[in-house]
Peer 1: 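Let me give you the structure first, and then I'll get to my questions.
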Amino acid sequence: MRRFSTLAPVLLIVALLSVTLSADEGMYPLSEIGTLNLKAKGLKIDVKEIYNPDGVSLVQAICDVGGGTGEFVSPDGLILTNHHIAFSAVTAASTPEHDYLKNGFTASTREQEIPAANYVCKITESYRDVTAEVMDGISAETPPVLRATAIRDKMNAIAKREEGGRKNIACQVSEMFPGRSYVLFTYRSIQDVRLVYVPPIGVGNFGGEADNWVWPRHTGDFSFLRAYVAPDGSTAPYAKENVPFKPKRHIKVSMKGVKEGDFVMILGYPGRTFRHKTSHFLAMQEGFTLPYISKRFDWLIATMEKAGMGNRTLELMFADDIKSYANTAKNYKGKIQGLRRLDLVRKKVAEEKELQAFINADPKRAAQYGTALSEIGRVYDAYRAVAPQELAYAMLGRTKYLGLALTLSSGAESKEPKAESVEKVKRTLAARYADIHAPVEAAILAKSLVEIADLPAEQSFLPGMEIPRGSSVAEREAALAAKLEKMIAASVFASRESLLGLASLTRDELEKHDDFILALSRQYRRAGEAIRERQRAREGELNRIEASLLDVKMAWRMKSFIPDANSTLRLTFGYIRGYTPADATTYKPQTTLRGIIEKHLGEEPYNAPGGLVELYASKAYSKAFIDPALGDVPVAMLYNMDTTGGNSGSPVLNARGELVGVNFDRAYEATINDYQWSESYSRSIGADVRYILFVAKYLGHADFLLDELGVKI
Ligand code: ASP
């Protein structure tokens, strides 16, 4: 492994003021780990065991996989992650005859493991500050569009240059603070990932959407995967002769468990937080973006559920989309509630008033930063006016037929050798086409088109699309959906074969091709040019103003800040802890098997597998799975660590760096974490490793897994 260099940009900001970091929240970048005095907080191993710039440490056992996090738990590339992270691979592998989603899946031998197509596993190898190179030639005077474009282009060019065509390596430049700090991350990338063990849905998603984002929780949200590489150790797509990847470090499992107050920590890849944003951003989230998206996703879920009812093949086809829409919709409702309950926008406004007073108190500061806040306000006022158009555009971009058309056009524009690009396009089209159900897609497309037609005239961007009349929006959508279904049936998109036939067309041929979906995609791309230009201008303006706002905020608060989550590797630490989320409600931090039996109704969403219910009644299981203090098998745990989406699947480690659980969710009140963390309501949820292994052993008969983990029962 290359040595990790220090995370200079963050340190630079620390150095600017040379003050200690606030320990009240934090998704700490690797460079900060040494500064946290974790020993005083409860850590019982040397901090170098977690992260060692000169050697092997736990960091090398953590990977970014399937949109979340995974951890190597054996020397043979075995990865522990969440059921909801493996979910797409499980649904793709399931059929009504082999329903792994419903019944679970155990690969008793390596040969039985199933490829998880499109899953890539990435391990952080090194990082380096590239701020100077990214910001070179950019000044406060650089016009906004140019600024945004130049920054993005440089970020991509640096990543590409550093990757240098090496297939084992993926590079990415991540923005830590807009306009202030950019870091190049180098990842070891692995393309062959396989399913090893998946619990039945009645364990992996026990409680379903009713319990999602909820404590107390009884979900065994875990799965095991395995990473493979070519026999020479290089990265390769799935091939029979590939061999298990040997990680530099794997995490040891502890069956000793946890209790309230225990020190715990998480290493993982948190996706996105917005804690450095202003009141203007929050107001827009609360007033527009969150309600819009959660309402739209609710509609999408209802549409797919209705279409899939009673047809297992369709249910399996929609399962993945429904799950992810439902997850986001509920999260956003939690955020809306949190924003209101905590009165966050008003509090931010008050805080900004104080900041403005601090700025105004010094003439030099006033000259430099005096208009920053009002300028941001102006940017958001303009944004709010066009947000309906931008979201309508984004929603149209998600429709699946349009997605196929866009795959065709980007393939036709590809600079790769023609034969290679055609093959790639065909593969992508075939995979995506398998997920398309024409009546549902027609309904979704109709919704988007009616929405666009109803935008104010100057924002509407699809002229020529005739929308049927009707007395209500729903009626017009239904009439258009029926019309679109017929148009799709007559289109080249009606069959997989005719669609694949377009993969070899040149750009010009595709442009001229007479098909309504291709025509729609042309209009969509044309409209996108103006929209993207405006977005880039906004991005450039915010990049400039937020950068200077950060400087003055640090001077005001006399402290440095931790960068918002951005899918790069972070550490968070805290304690196993219950909480009091509402009047007269106090929660303990651990749940047990008894709770599953209490909730079990024999139907969704509380439908535990029969084997589990019988096992509990018979008590025919080893004492090793029982927590002596709880007198039962522990199922889930609650802690006050700072996590967000992307931390799904992260290991929950005890003070000795051993795995005691797997993080998978947050409590409802903690969905607001992404805007503001608080000890009083920020609680995350993990599955206890004793329950994980209990399920694997007794329901999955996967004793080999326990052997591989070195767990002796
Ligand atoms: N379950 C969550 C997710 O789906 C994890 C989290 O956000 O805390 O993203």
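Order of listing sets the numbers, starting from 1, for every ligand and every atom in it.
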Peer 1: Which option wins on minimum heavy-atom distance to atom 8 (O) of ligand 1: K330, R666, H84?
Peer 2: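 Going through K330, R666, H84 one by one, R666 has the nearest heavy atom to atom 8 (O) of ligand 1.
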Peer 1: Just to be sure I read this right, does ligand 1 sit under 4.0 Å from the backbone of T644, its side chain, both, or neither, counting only heavy atoms?
Peer 2: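 The answer is the backbone of T644.
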Peer 1: At under 4.0 Å between heavy atoms, which part of W213 makes contact with ligand 1: side chain, backbone, both or neither?
Peer 2: side chain
Peer 1: Does N82 reach the main-chain N or O of I85 with its side chain, forming a donor-acceptor pair under 3.5 Å?
Peer 2: no
Peer 1: Any carboxylate oxygen within less than 4.0 angstrom of a Lys/Arg side-chain nitrogen, looking at K252 and E658?
Peer 2: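 Yes, this pair counts.
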Peer 1: So, is T643 polar-close to ligand 1, with some N/O to N/O distance under 3.5 Å?
Peer 2: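 No; the residue has no nitrogen or oxygen that sits under 3.5 Å from a nitrogen or oxygen of the ligand.
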Peer 1: Could you check whether the rings of Y383 and Y380 sit parallel, tilted or perpendicular, using 30° and 60° as the cut-offs?
Peer 2: tilted
Peer 1: Is there at least one pair of N or O atoms, one from N327 and one from ligand 1, spaced under 3.5 Å apart?
Peer 2: yes
Peer 1: M637 pairs by side chain to side chain contact (heavy atoms under 4.5 Å, CB included) with which of V662, V652, D262?
Peer 2: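 Passing option: V652.
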Peer 1: Tell me: protein heavy atom nearest atom 5 (C) of ligand 1, and distance?
Peer 2: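 Looking at atom 5 (C) of ligand 1, the protein heavy atom closest to it is S648 OG, 3.2 Å.
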Peer 1: So is F664 polar-close to ligand 1, meaning N/O to N/O under 3.5 Å?
Peer 2: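 Looking only at distances, the answer is yes, because the N/O contact criterion of under 3.5 Å is met.
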Peer 1: Tell me whether ligand 1 is touched by N647 - counting only heavy atoms on the residue side and a distance under 4.0 Å.
Peer 2: no
Peer 1: Are D674 and R666 close enough for a salt bridge, meaning some N to O gap below 4.0 Å?
Peer 2: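 Yes, charged N to carboxylate O under 4.0 Å.
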Peer 1: Cation-pi check, K323 to F87: give yes when NZ or CZ is under 6.0 Å from the six-membered ring centre and within 45° of the ring axis, no otherwise.
Peer 2: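 Satisfied, under 6.0 Å and within 45°.
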Peer 1: Looking only at protein heavy atoms, which one is nearest to atom 9 (O) of ligand 1, and how far off is it?
Peer 2: G645 CA, 3.4 Å
Peer 1: Are D221 and N205 linked by a side-chain donor-acceptor pair shorter than 3.5 Å?
Peer 2: no
